[in-house]
Structure formats: structure tokens, C-alpha cells
Amino acid sequence: MRRLLCMHVFLCCLSMAHPFCPSQCTCVFHGRTDGTGTRSVLCNDPDMSDIPVNVPVDTVKLRVEKTVVRRIPTEAFYYLVELRYLWITYNSITSVDTGSFYNLKVLHELRLDGNMISMFPWESLKEMPMLKTLDLHNNRLTTIPPEAIPYLLNITYLDISSNKLTTLPSDLMDIWPPFNGVPVSSNASQKVVLGLQDNPWFCDCKISKLIEISKMSDTPVVLMDLFLTCAGPENLAGVLFQRAEIDNCVKPSVMTSATKITSPLGSNVLLRCDATGFPTPTLYWTKTDGSMVNNTVQESPGDGIRWSIMSLHGILYKDAGNYSCKAKNVAGDAEATISLSVAGTISTTIPPLKPDISTGPSQGTTFTPQLYTTDLPSSVSTVLPKATSAIPRKPKTTPSSSQKGSFKQGKNQQGGNGRKLAADEKSKKTDASKSFKDLKIVEETADSAVLLWTADGLPKDSPLTVVYSPYGEDDSKNTVETTAGSGKLLLDGLSSGMRYSVCLIAKGSTTGKDPCTDFYTLDNVVDGGQNQLFFIISGIACALVLPLIGLLIYKIVALYCKGRNPSIDEEELEKESYVKFETISMKQRTLNSHPTELWARRATNESERMLLCSRSSIDSQMTYDSARSEYLC
């Protein structure tokens, strides 16, 4: 390798001193009056089968044309650092290596048209960062992979006509206006020239953007041939791009659940967007800086519809910003943006530690939540527990049996016969000692009550002291001595309408807590008040009912008297009736009488005559000789 490198260095130096032209090529130096110039080399010998390797290093333009060269080897031009134009046209090249164009840093134009290339190494274009023109027309290319798109960003002249291409990557047109988002300019230097003619294009959604460009009148993309035609599908065969209408091809549209969201610091946020289009678009999320968001879920419930949800857990201030939901399919793309704002502070409360109750009250420790200033941001506050030693007061309620351990209290803390009676309202809820069960009060009266209990674990003759007093009055305690097995005790001499507390204290018991309960005595005025209320209600009822009874009796008597006087009934009936129908009778008609003449036993007044003249139900029941009767009025 070193020997080969030395040889190439020697050839370069020799060429610079005395330029040497390959025997099958023609070298032309284009000099200037100032002594500078450019060199071009033309190799067009029909018998040339290989790319020449001894081309002068100062060559700016190299043309290899109409030869039988079939392959471009690796690093075939690496020493031509000044090469700007490379034309290898109308040869028999079928193979191009990935490294064939290594070190061509200033190459502007690469033409490989008129060969038999079916696979072009698109990644080799990264070795030519200054390349603007790429001519691959009249070859055998069948496809352009999506991986080639990044290497074509700087190309302004691309000729892939007269190949066997049926389609293009849908993203390829996105690198050029108007699909790349760059404002359209009339500057000729920003034009992009595309040669796409003479390919068997299959007109579907994948090339819908190309078809759209062909219909534009003012666009930076210039087509060499405007009369591009479709080769498929069958219904579009031979149809010009400018007249082709593709069915079921819809650009995406995106809609978000909201445009602006303000969420508390540390909360969880779900952002959703929905997209429609055909073919069904794909969705992806990006942050303000353009980076992708991975914690997303998307689903397509049907053709042409897709939704996506992005989740943010425990958001911080750095999560604020714009989140874009982008939808894309072969027909186009669209996006919608959600602006997320973070507000508020985080407040974390750590629950206080439970004291070690096994150490007793004398060694207890109380934990009080205190606010500490930490290194967190000023808007974030954390509540931490602060331990302070203190002598605990006597608890108002004893621990439940479900808790581990118990606070034991000695006789010196209880004072006298036991603990303080009826300390507060919760004294009823204290757990009974294991020595007694079913402690309760029955048969309360105004001055007495019966106390019942069941002894468990104590001898029946074990002495038992019953202590009772009015609720909250420790100075008036009463004690009664009995035995644990008796199970019943009458508490008398009580005051009516008062609350009492009663406790059982077993002498010699090792249990540190005594069972207690509260009860109320009855009020003496209860019965009197009820009786008084009863009398009042009875009096009111009597005052209301007696007049009604009298009125009812009067009506009964009045009706009885009326039944004995028929003349009065008849007079009343005449006053309340228009006509006494039983007094109306029909006379036998005569030949001279009117067919509708009525005869009555008495003269009728005006009201009776009007009643008879009316068309009532009686008219329809009275017929003479099959003719409806009409009253003469």
C-alpha cells in the first residue's frame, strides 16, 4: 500500500511538472493570459474497457464517453481533487461501487446517462457535498428507495427520465417547494429541475404530490417535460398528469382536544389528537425543539381514521411548551399544536412517625409537621416531620385493641380508686377490660338504674367496687361494694334528667384499665308534660267535633220533618223545575188540529214555553206519521 501511495505521489509530481495525457484520451488546457487555466480530458476510444488512472491531477472536467467500460471501481478518481465535472456517459456501465466517488469534494456535476445502471449507490452522494447536478436518465433504474432522500437535499437538477420507474417515495417531494415549507421565491437560483418523463408511472396516492406539481402554474419545481402520462392503473392509462384525478386520496387533517392547557406542577397530563385522511395517516408527536416524543399510544378504529394519546407523568416546568401532533400519509401531511403551561407548586406531606408505645408515656415522643426550606426551587415546598421531645398528657381515649401495645397507667396516675371518671365525650367508646363483658345499663328511671355485666376470668366471689358519679363531677363519687359474680346492681338515689358515669374496679386485678359506661336518668316532668299535652289536644278536638255533631243532628231532624209534609216537597219541586213533565199530556188529534199542537192541563209560562220549543232529546223521540215533530213556537 505504501508503495502504491508513493507511486501516485510520484505521478502527481510528474504530471504537474510535465503533464502527461493517457494514450486513449485527449487533454486540453484552457489557458489564460495571466498564466492560469483549466484542463479538460476527453476519453472516447471505443476500445477503452477501464477507467483511466493516469489522468492529470489538475483536471477540472473529465469525460469518458462511448466506450466499453462496464464498471466504476472504488476510489477511481480520489486523486482528482480539482475535478468539478465528471461525465461518464453512453458506456456499458452496469456496476457502480459505493466508494467510486471518494474524495470528490468539489464536484458539481455528475452525469451517468446512457448506461445500464439498475442499482445506484445513493449513499455515495455524501462524498460529493457540492454536487448540484445528477443525471441518471436513460438507464434501468426501477426504484428510488426512501433512504436516498437525505442525499438528494442539495440536488437542484435531477434527471431520472427514460428509466423503469413506476413510483417515487412519497417523502421525496417533501424536500422541494412547495412541500418543504420554504416560501416560494422567483429567484432562478432556487429553481429545481426534474426530468421524469418516459417512465411507466403508476398514478396513485404515492405520486399524488408529483401530479399536484404538474398542475401548478407557478412553482419552483420545473419539469423538463410537462406532458407526463400515467401507465397505470387501467382506468388512467395514457392520461396526462395534468388531467389525472386520483380516487380515495385525501390529505390528512388533524384536530386536537385543546389548543392550550394549564396543568398543576407534578400532575399527569394526557394530550390527544385525531386525524383523518386516506390512506390512513400515521401520527407522531414532537416537542418544541423538534425532538420526538415516545410515550404515546395510537390506534386506528377504521380506514382513514387514527387517534393518538401522549402521556406526561409528574410534569415539571421543563415540560412546558408546544407539543405538535403531526399526521402524514402519501397524499400529504398536516399538524396541530397544543400549548402546555405548568403552574402551581408541589406540596408533599410526610405522615408523622408513630411513637414506640412500648416505651410508655414517660419516654414518648411527639412528631409535629414543620415546614423546611430545602434546595428545591422556590415554587416547590416539601413538608417534613420534625421530632420534639415532650411529656405527653394523659390521652383522652385509650388505644383500641387492634393497635400493638397499650399505654399502661399506674395507680399514681389514676388517683384514688382508678382513672378520672368521665373525662370527655369519648369515654363511652373506651374498650372494656378483658375481665368484664356486656357492661350496660337497663331499666333507667328518674332516680335509679340497673347495671348489668358479665365477669370473665375472675372468681365469682372476687371483690368488686362500682364507682358512679354525675358526668364530669369527680367530687360527688359514690361507691358500692359487691362481687364480680353477682352480675347485677341497683343504683339508686340518682337525680332525674342527669348524665352519669359508672365504672367497675376489680380489686387485685392486674388489668390497667377499667370498663366504664355512661347513661341518663329519666325526667320527672316527662309524664306530666305528656298528660298535659294530651288534655290540650283532647280539648281542641272536642271544640271542633261537638259543633259538627250538632249540625249533623239538626240536618237529620230537618230531613225527617220534611218527609212527613208532602205538600212542602211539591212546592219546593215546582220552584226548582222548569216543567212538570207529568202534567203534560197529548190529546187525540183531530182533522182540523195542527199536527204538532200540544195540549196541556195548565197554562205554561214563558220559560216553560221556551223549553218546549227547544230541540232537545225529547224531540227525537216524538214522531207522528213517520214525520219528525216540530213544536209550534
Side-chain angles (χ1 to χ4, degrees), residues 85 87 89-90 108-115 117-118 120 122 125 131-146 148-233 235-247 249 251 328-333:
Y85 304 93
W87 294 8
T89 60
Y90 295 97
H108 283 69
E109 187 173 309
L110 176 61
R111 295 182 181 271
L112 297 172
D113 50 296
N115 289 284
I117 302 173
S118 59
F120 181 78
W122 301 97
L125 298 179
L131 189 66
K132 299 297 180 182
T133 299
L134 178 61
D135 189 350
L136 294 172
H137 87 273
N138 198 11
N139 276 278
R140 298 179 180 180
L141 296 176
T142 58
T143 181
I144 297 180
I149 296 175
Y151 308 117
L152 296 173
L153 292 175
N154 296 327
I155 302 297
T156 59
Y157 182 99
L158 176 64
D159 190 356
I160 52 176
S161 60
S162 302
N163 279 276
K164 297 181 179 180
L165 297 171
T166 59
T167 187
L168 294 174
S170 60
D171 296 341
L172 178 60
M173 305 306 296
D174 293 338
I175 67 176
W176 297 306
F179 303 107
N180 60 356
V182 177
V184 177
S185 174
S186 59
N187 188 356
S189 63
Q190 296 183 358
K191 298 289 184 178
V192 177
V193 180
L194 297 179
L196 304 173
Q197 64 276 7
D198 299 329
N199 281 289
W201 298 112
F202 189 87
C203 295
D204 61 359
C205 290
K206 292 183 180 180
I207 62 170
S208 60
K209 294 179 182 179
L210 176 59
I211 295 175
E212 185 176 350
I213 288 178
S214 67
K215 298 178 181 180
M216 294 181 180
S217 58
D218 185 12
T219 174
V221 177
V222 179
L223 299 178
M224 295 182 186
D225 189 350
L226 294 177
F227 300 100
L228 301 177
T229 58
C230 300
N235 61 325
L236 292 177
V239 177
L240 294 175
F241 276 20
Q242 296 177 351
R243 298 180 180 179
E245 297 295 336
I246 302 176
D247 298 332
C249 188
K251 294 181 180 180
K328 190 171 187 179
N329 64 6
V330 294
D333 53 40

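Each of Ile207, Ile144, Val330 was compared with Pro169 under the side chain to side chain contact (heavy atoms under 4.5 Å, CB included) criterion, and only Ile144 meets it. Of the candidates Ile149, Asn180, Leu194, Leu194 is the only one forming a side chain to side chain contact (heavy atoms under 4.5 Å, CB included) with Met173.
The 12-atom threshold is exceeded at CZ of Phe179, counting heavy atoms of other residues, nucleotides or ligands nearer than 6.0 Å. Heavy-atom contacts from other residues, nucleotides or ligands closer than 6.0 Å to NZ of Lys215 number more than 12.
Side-chain N or O atoms of Trp201 include none that pairs as donor or acceptor with a backbone N or O of Phe241 at under 3.5 Å. Without hydrogens or angle criteria, Asn199 side chain to Asn163 main chain gives a donor-acceptor distance under 3.5 Å. In terms of modelled atom types and a separation under 3.5 Å, the side chain of Asn139 and the main chain of His137 share a donor-acceptor contact. Judged by distance alone, the side chain of Asp204 and the main-chain N or O of Lys206 form a donor-acceptor pair under 3.5 Å.
The existence of a salt bridge linking Arg111 and Asp159 is excluded, since no basic side-chain nitrogen approaches an acidic carboxylate oxygen closer than 4.0 Å.
Here Lys251 contributes atom NZ and Ser208 contributes atom OG; the two are 7.5 Å apart, rounded to the nearest 0.5 Å. Here the CG atom belonging to Leu136 is positioned 7.0 Å from the CG atom belonging to Leu110, to the nearest 0.5 angstrom. Between the SG atom in Cys205 and the CD1 atom in Ile211 there is a gap of 9.0 Å [rounded to 0.5 Å]. Note that CD of Glu212 is 10.0 Å distant from CD1 of Ile246, once rounded to the nearest 0.5 Å. Distance check, rounded to the nearest 0.5 Å: CH2 of Trp176 to CG of Leu153 gives 9.0 Å. Cys249 SG to Asn329 CG: the interatomic distance, rounded to the nearest 0.5 Å, is 7.0 Å.
Residues Ser118 and Leu141 share a closest heavy-atom pair of O-CD2, 3.6 Å. Closest approach of Cys203 and Pro233 over heavy atoms only: O-CD, 3.3 Å. Annotation for Thr89 and Asn115: closest pair CA-ND2, 4.2 Å, computed over non-hydrogen atoms. The minimum heavy-atom distance linking Trp122 with Ala148 is given by the pair CG-CB, 3.4 Å. Nearest approach of Thr219 to Pro177, heavy atoms of both residues: OG1-O, 4.2 Å.
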Can you check side chain to side chain contact (heavy atoms under 4.5 Å, CB included) on Asn138 and Tyr90, steps first, answer last? CA-CA 9 Å; Asn138 198 11; Tyr90 295 97; 4.0 Å; yes
Would you please test Leu165 and Thr142 for side chain to side chain contact (heavy atoms under 4.5 Å, CB included) and show each step? CA-CA 5 Å; Leu165 297 171; Thr142 58; 5.6 Å; no
Could you walk me through whether Lys328 and Asp171 pass the salt bridge (Lys or Arg N to Asp or Glu O under 4.0 Å) test, one step at a time? CA-CA 10 Å; Lys328 190 171 187 179; Asp171 296 341; 2.9 Å; yes
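Side-chain atoms of Leu196 and Ile160, non-hydrogen and from C-beta on, do get closer than 4.5 Å to each other. Side-chain contact between Tyr157 and Val193: present, with at least one pair of heavy atoms (C-beta onward) separated by less than 4.5 Å. Contact annotation: the side chain of Leu152 approaches that of Leu134 to within less than 4.5 Å [non-hydrogen atoms, C-beta and beyond]. Considering only heavy atoms from C-beta on, Leu112 comes within 4.5 Å of Phe120 through its side chain. Looking at heavy atoms from C-beta onward, Lys132 lies in side-chain contact with Asn154 at the 4.5 angstrom threshold.
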